[in-house]
Amino acid sequence: MPSSSYVSLFDSNMTTPALLPLSGRRIPTLSPGAASFPHHRATLRLSEKFILLLILSAFITLCFGAFFFLPDNSKHKISLYFAPFISPSTLISLPVPASEKHPHSVMLPPPSFTVGMVPGFLQAEEEESLRDKIRVDHERALQEAKEKLRKSRDELRAEIQTEKSKVVEDLKKKKEVPKPLPPVPMPKVVGVNDGDPVEPDVKEKRDKIREMMKHAWDSYRQYGWGHNELKPLAKKGHSTNIFGNSQMGATIVDALDSLYMMGLHDEFKDGQEWIEQNLDFSVNAEVSVFEVNIRFIGGLLAAYYLSGQEVFKVKAVQLAEKLLPAFNTPTGIPWAMVNLKSGVGRNWGWASAGSSILAEFGTLHMEFVHLTYLTGNPAYYQKVMHIRKLLAKMDRPNGLYPNYLNPRTGRWGQHHTSVGGLGDSFYEYLLKAWLMSDKTDTEARKTYDDAIEAIERHLIRKSNGGLTFIGEWKNGHLERKMGHLTCFAGGMFALGADGSPDDKAGHYLQLGAEIAHTCHESYDRTVLKLGPEAFKFDSGLEAVAVRQNEKYYILRPEVIETYWYMWRFTHDPKYRQWGWEAAQAIDKYCRVSGGFSGVKDVYSSNPTYDDVQQSFFLAETLKYLYLLFSSDDLMPLESWVFNTEAHPLPRENGVKLQHCRS
Ligand code: DMJ
């Protein structure tokens with residue numbers, strides 16, 4: 001017994017619970033052995049009867065409640081206890097959850113119950129039919145088990161594998177319910193034709209480029225399908241850190257529009273099918289926001305505009321959504337990398353003071369404006385305009401944009417400026433934003449003009465041998481070195497000539513021609529007639545690489561890109577000639593049986609391979625070569641703007657983008 005005033009629910013000596021209402025009567029003594037209820041009263045009071053009745057009805061309600069509201073399998077158990085009140089037929093037909101629909105889980109009373117507990121309740125016939133059913137079920141199960149045992153390990157493994165793949169396929173199908181996008185008018189597609197050149201020798205050259213494309217594609221198709229890139233010597237897939245550990249078929253997406261333009265329609269269809277069935281962005285991969293934007297989003301958008309196939313638009317938008325968390329920084333300047341699954345972003349470890357890179361966060365505009373147009377979601381446009389506004393407010397040392405900007409503090413990192421790696425496509429996208437807006441985005445044009453003016457003043461020089469080059473600005477000094485990447489600027493100057501301030505169109509076209517010439521020299525002064533990664537104009541050196549680690553050629557497009565723009569604006573036959581020299585050198589020194597590979601030393605007559613077929617070789621290098629040997633009415637520059645990965649997007653006279661501006 002409790003020693004305190006605590007009253008236990010049921011006292012061992014009590015006939016009724018001790019916690020009955022006590023009002024109106026004396027509190028019963030709770031001393032050991034003492035009965036708590038008066039013994040002299042034989043009948044219950046009216047109020048006590050009422051309370052007992054209440055308890056009884058509560059108990060009955062509880063039982064019914066349990067039956068109706070407990071989960072199904074509990075009900076089945078309960079049904080066993082209520083079996084005496086339910087006919088066997090009702091018992092058998094109780095609903096069985098789909099997952100339990102197996103011969104052995106049919107709800108039957110256990111034999112001991114039916115036979116032992118309620119003899120005579122079941123009709124003899126019903127009892128017999130139940131026993132039969134149980135017997136049949138047991139036999140069937142035994143038979144199944146025997147059959148399984150008779151199968152070999154391999155057969156069983158194959159069976160399990162088939163089942164597994166079915167489950168995976170079903171899951172994939174469930175996941176791939178595309179989000180409905182608002183209907184937006186498809187731009188009038190201009191200049192998507194075969195671009196057949198009139199001259200037979202030009203046609204022959206173009207056929208050769210198409211054949212090279214086919215070799216690159218077929219090799220990837222055979223040895224690297226679904227991987228991001230190809231190792232043409234090892235003949236297997238290649239993965240690079242810019243796409244994390246994903247297998248997102250970068251080469252397929254990057255190559256699509258080239259295939260389309262070259263009339264390789266079966267290959268295009270093959271790529272489209274892979275994308276429809278396999279391209280999935282819910283992967284735990286940390287990718288470069290810039291690279292994914294220019295290659296994947298650019299590639300998918302171009303494929304959409306060229307072919308009109310909705311799947312490309314849907315995939316581009318799905319991917320773009322995954323990139324948005326990269327902008328969650330204190331300044332809105334995006335991280336260089338983002339994990340596609342978690343949305344966590346960070347910057348490259350090597351970048352100055354945790355900075356983001358100018359050429360990366362400054363090369364999103366074209367694709368993001370199109371995303372807003374296609375989705376009606378202003379977020380994309382706002383993100384890139386926010387970057388532009390932030391940059392406009394910042395001080396620029398000597399009018400130059402440093403390559404590094406810290407996304408936490410909003411301050412510049414090291415004062416390095418380059419028109420090559422780390423800076424290049426930032427300038428390109430200012431010009432192309434203006435072109436893409438059908439020249440209405442004058443803010444972009446002005447920013448471009450100011451930047452180019454500062455670049456000309458501080459970075460562009462003539463070498464002793466008379467070659468115009470673009471150096472790199474490092475903490476107040478000019479490094480007289482030019483990268484292969486910088487060679488794209490020849491094309492950019494030519495493209496920006498029309499519309500340049502103070503009637504300097506002729507000047508910029510001339511500047512483009514000079515850069516094209518310098519870059520051609522960098523090719524021509526090598527043994528393989530392919531350009532090195534970087535070349536110097538110093539200590540008597542003219543357009544040649546010095547360091548071993550600058551002598552490689554990795555199938556880059558920039559020099560050929562500039563030849564193509566110069567060809568379109570001048571029709572000077574030397575550009576076709578130079579392009580053809582490069583194409584021949586690539587075919588001679590980079591072609592292997594499993595595709596095309598970069599080479600490690602363009603000054604060696606016996607070069608070794610780097611064993612990578614870069615996706616941009618199919619997206620850019622071969623596309624620019626193909627266009628160089630096509631007639632100008634294929635993809636006219638009045639209607640299309642090529643992104644920095646050579647993916648064409650329609651200009652505003654084709655697709656009205658104004659309404660998506662805030
Ligand atoms: C391409 O991915 C793009 O052109 C980018 O802007 C920089 N360079 C590579 C190819 O060299």
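Atoms within a ligand are numbered from 1 in the order they appear, just like the ligands themselves.
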Can you say whether the rings of Trp217 and Trp225 are parallel (under 30°), tilted (30 to 60°) or perpendicular (over 60°)? perpendicular
Sorted by chain and number, sequence neighbours left out, side-chain contact (heavy atoms from CB on, under 4.5 Å) with Asn339 holds for Asn284, Lys341, Ser342
Using 30° and 60° as the class boundaries, would you call the ring planes of His365 and Tyr381 parallel, tilted or perpendicular? perpendicular
Minimum side-chain heavy-atom gap Val289-Met337 below 4.5 Å: no
Can you classify the ring geometry of Trp578 versus Tyr575 as parallel (below 30°), tilted (30 to 60°) or perpendicular (above 60°)? perpendicular
So what's ligand 1 close to, N/O to N/O, under 3.5 Å?
from, atom 1, to, atom 2, distance (Å)
ligand 1, 2 (O), Glu645, OE1, 2.6
ligand 1, 4 (O), Glu620, OE1, 3.3
ligand 1, 4 (O), Glu620, OE2, 3.0
ligand 1, 4 (O), Thr644, O, 2.8
ligand 1, 6 (O), Thr644, OG1, 2.8
ligand 1, 8 (N), Glu558, OE2, 3.2
ligand 1, 11 (O), Arg556, NH1, 2.6
ligand 1, 11 (O), Glu558, OE2, 2.7

Between Tyr523 and His484, is the gap from one ring center to the other below 6.0 Å? yes
